[in-house]
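Taking it in order: structure first as structure tokens, then the write-up.
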Amino acid sequence: MARAKRNWIQEERRRTLGDWVAFCPSCGHVARYFEEHEELRPTLCPQCEATLVARCPSCDARLPSAFQVECEDCGTPLRENELFGGPIRRPGR
């Protein structure tokens, strides 16, 4: 099931804070980065040294949100929907 495309305010925030994210599936650390500097983004979590997830393992799509639990493009699960005892994303979002 494909998600609705992002609206203009989400796109504006993304362009201001960083185009894409890489997150740690273990501790939740997030690193935002701009597309033109992808090769400079960290690949290991500075807190727990786990490998950061920056692209969908199935379709190679970049990740626009730190709260993603599945790929917006293909629906592949990226991580469990729970961190520190609570949901990362509420149902229906």
What residues, two or more places apart in sequence or in another chain, satisfy side chain to side chain contact (heavy atoms under 4.5 Å, CB included) together with [X]?
X     : result
Pro77 : none
Thr51 : Leu44
Glu80 : none

Atom of [X], atom of [Y] and distance for their closest heavy-atom approach:
X     : Y     : value
Thr76 : Pro57 : CG2-CG, 4.4 Å
Cys74 : Cys71 : N-SG, 3.4 Å
Ala66 : Val30 : CB-CG2, 3.6 Å
Cys45 : His29 : SG-CB, 3.7 Å
Glu70 : Gly75 : CB-O, 3.8 Å

Only pairs at least two apart or in different chains count here, so list each salt bridge (Lys or Arg N to Asp or Glu O under 4.0 Å) that has a residue in residues 38-47.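 Residue pairs with at least one partner in residues 38-47: Glu38-Arg55, Glu38-Arg62.
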Which residues pass the side chain to side chain donor-acceptor pair (under 3.5 Å) test with Glu82, sequence neighbours left out?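 Glu82 satisfies side chain to side chain donor-acceptor pair (under 3.5 Å) with no other residue.
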Without swapping roles, check the side chain of Asp19 against the backbone of Glu35 for a donor-acceptor pair under 3.5 Å.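 The answer is yes, because a donor-acceptor pair under 3.5 Å joins these two groups.
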Can you check whether Cys24 reaches Cys48 side chain to side chain, under 4.5 Å on heavy atoms?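 SC-SC contact between Cys24 and Cys48 confirmed.
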So do Leu63 and Trp20 actually touch side chain to side chain, heavy atoms under 4.5 Å?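 Trp20 vs Leu63: side chains apart.
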Hey, what do you get for CD (Glu72) to SG (Cys59), rounding to the nearest 0.5 Å?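 Between atom CD of Glu72 and atom SG of Cys59 there are 10.5 Å.
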So, taking the atom named OH in Tyr33 and the one named CG in Leu40, what distance separates them when rounded to the nearest 0.5 Å?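 Answer rounded to 0.5 Å: 11.5 Å.
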Can you confirm whether more than 12 heavy atoms, excluding those of Glu49, are under 6.0 Å from its CD atom?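 Counting other residues, nucleotides and ligands, CD of Glu49 stays at 12 neighbours or fewer.
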Which residue, Val53, Leu52, Leu78, forms the side-chain contact (heavy atoms from CB on, under 4.5 Å) with Pro25?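 It is Val53; the other options fail the test.
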